[in-house]
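Start at 1 and go down the list; that is how both ligands and their atoms are numbered. Because the structure is predicted, anything quoted here is derived from the model rather than measured.
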Amino acid sequence: MTWGAAIHPHLHGLGLSATLAVQERSDTLAREGRRIYRLGLGQSPFPVPESVVAALRQNAEKKDYLPVRGLPALREAVADYLARRLGAPFSPDQILIAPGSKELMFLLQVAFDGELFIPTPAWVSYGPQAHIMGKRPRFLPTRAEDGWRLAPEALDELCRREPDGPRLLILNYPSNPTGTTYPAEHLAALAEVARRHRMIVLSDEIYAELHFGAAHVSIAHYYPEATIVSTGLSKWCGAGGWRLGVFAIPPALVKLRDTMAAIASETYTTTSAPIQYAAVSAFRGGMELERYLGRARRILGALTRACEAQLAGAGARVEPAAGGFYLFPDFAAQADALATRSIDDGAALCGHLLDEAGVACLPGSAFGRPAGELTVRLSLVNFDGARALAAAEQAGEAAIDGQFLAAHCPDVLVAVGRVAALVRGEPLPERVDELPPRPQALASASSQARLHNVTLLSPDSRSDRS
Ligand SMILES: Cc1ncc(COP(=O)(O)O)c(C=O)c1O
């Protein structure tokens, strides 16, 4: 007998999550003295807002176990937040708090018995979590020309072909890995299909607050009876390492909620008490947080536009991102030229990008795309977010232009420039002033940045959401 026999057969070969694996490989290369541009890990570049850090300090002595479903004051703050920010009405009783939304998703996978639908490209962990539970999710490929959005007709057709039974659809918008999102009318159409086929929707809205136009809309608005909203502190509050995630579960799914809570009680017990107390101030919001978010959105929006322009200049197809900090270019148009250098798929392209250009990023196959596709996810986070936020505050409203980005996000610009240059077989830039001039891109970045201060919530008053 080998020691491997002590592992469930279906878990043989299960590796580290793709994002963590690329981070580890980048660390190894950096230790060997290589200059690495880290566009692999999806971690917020911004610090946790000062008022939320202060709340954590004040609560450091909180040491008692808290209720498994979460601190009551936090559940109240989250319910208010969801109503205020997403127009999604949930009572505190419907909120579950956990150490990360990833953990909640896993609890859901443990508790849920039925068909799981995952549109691709999809966040790296939905599929593996199902696999750990011995389930086979249905992956629903989407297309770049549709903005990587799931077509309601495709979902409807699939449901009609399948036997009836419990179904769970995972939607994630703004999306990791594509940055694209769903317009309100598209969500309304998906809601109609979901209602017709009695599907549960897990709506992963962890990037909602980083919608560049502050105009995120939730499908819960159109399908309140069976939408579970998922969010947390990791992205908009820069607190991934604090581990705090939230699910809002509608009353019809109370049994699912209670089963998840029961599993939580037998596994992690509760979420860290000081973090929960600090999270109350984050979800209550206020002027400081609004200013923080406004600046974060303007920086990310301008940076994204500038990077999109660089990639488009290299002939990539890249769908305009609406929020978050990712781009998902497709280099299919360069396939022939790349093949002459033995770059036949996304994994090979990422290998060359890391080894030759020092740019860490992930192939589309990590997000459920076909291995042969030349898609790549770039995380535009390799910059000092604290410095950039301070500079944005100093500079005032209209200042997120090419010069600002060159001063505060140079490594991201150079890294994306290196991706573009490697694909075109050109010399790799080392500095921002070696990038091909793209005045239009930078001008458009600054005009986009001016749009980013809108605050609005009524889905009916929004037009530009994708
Ligand atoms: C789309 C998406 N959903 C969920 C998560 C999990 O976030 P957390 O467990 O930190 O709440 C992430 C983190 O990268 C993500 O990108």
Review point. Shortest non-hydrogen contact from A360 to I36?
Key: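 Minimum heavy-atom contact is CB-CG2, 4.4 Å.
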Review point. Hey, are R198 and E115 close enough for a salt bridge, meaning a charged N less than 4.0 Å from a carboxylate O?
Key: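 No, no charged N to carboxylate O under 4.0 Å.
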Find all protein N or O atoms under 3.5 angstrom from an N or O atom of ligand 1 and list the pairs with distances, or write 'none'.
| residue | atom | partner | partner atom | Å |
| --- | --- | --- | --- | --- |
| ligand 1 | 3 (N) | D204 | OD2 | 2.6 |
| ligand 1 | 7 (O) | S101 | OG | 3.3 |
| ligand 1 | 9 (O) | S101 | N | 3.2 |
| ligand 1 | 9 (O) | K102 | N | 3.0 |
| ligand 1 | 9 (O) | R243 | NH2 | 2.8 |
| ligand 1 | 10 (O) | S234 | OG | 2.5 |
| ligand 1 | 10 (O) | R243 | NH1 | 2.7 |
| ligand 1 | 11 (O) | S101 | N | 2.8 |
| ligand 1 | 11 (O) | S101 | OG | 2.7 |
| ligand 1 | 14 (O) | K235 | NZ | 2.8 |
| ligand 1 | 16 (O) | W123 | NE1 | 3.4 |
| ligand 1 | 16 (O) | N176 | ND2 | 2.8 |
| ligand 1 | 16 (O) | Y207 | OH | 2.8 |

Review point. Between H8 and H10, what is the ring plane arrangement, given parallel below 30°, perpendicular above 60°, and tilted in between?
Key: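 If you compare the ring of H8 with that of H10, the planes turn out tilted.
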Practice item. Give the ring-plane orientation class for H216 versus Y173, where under 30° counts as parallel, over 60° as perpendicular and anything between as tilted. Key: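 Rings of H216 and Y173: parallel, under 30°.
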Practice item. Working to the nearest 0.5 Å, report the span between OG1 of T375 and CG of D345. Key: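 Going from OG1 on T375 over to CG on D345, the span is 10.0 Å.
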Check your understanding: Among all residues two or more places apart in sequence or in another chain, which pass the salt bridge (charged side-chain N to carboxylate O under 4.0 Å, His left out) test with R57?
Key ->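 With neighbours one apart ignored, the set is E50.
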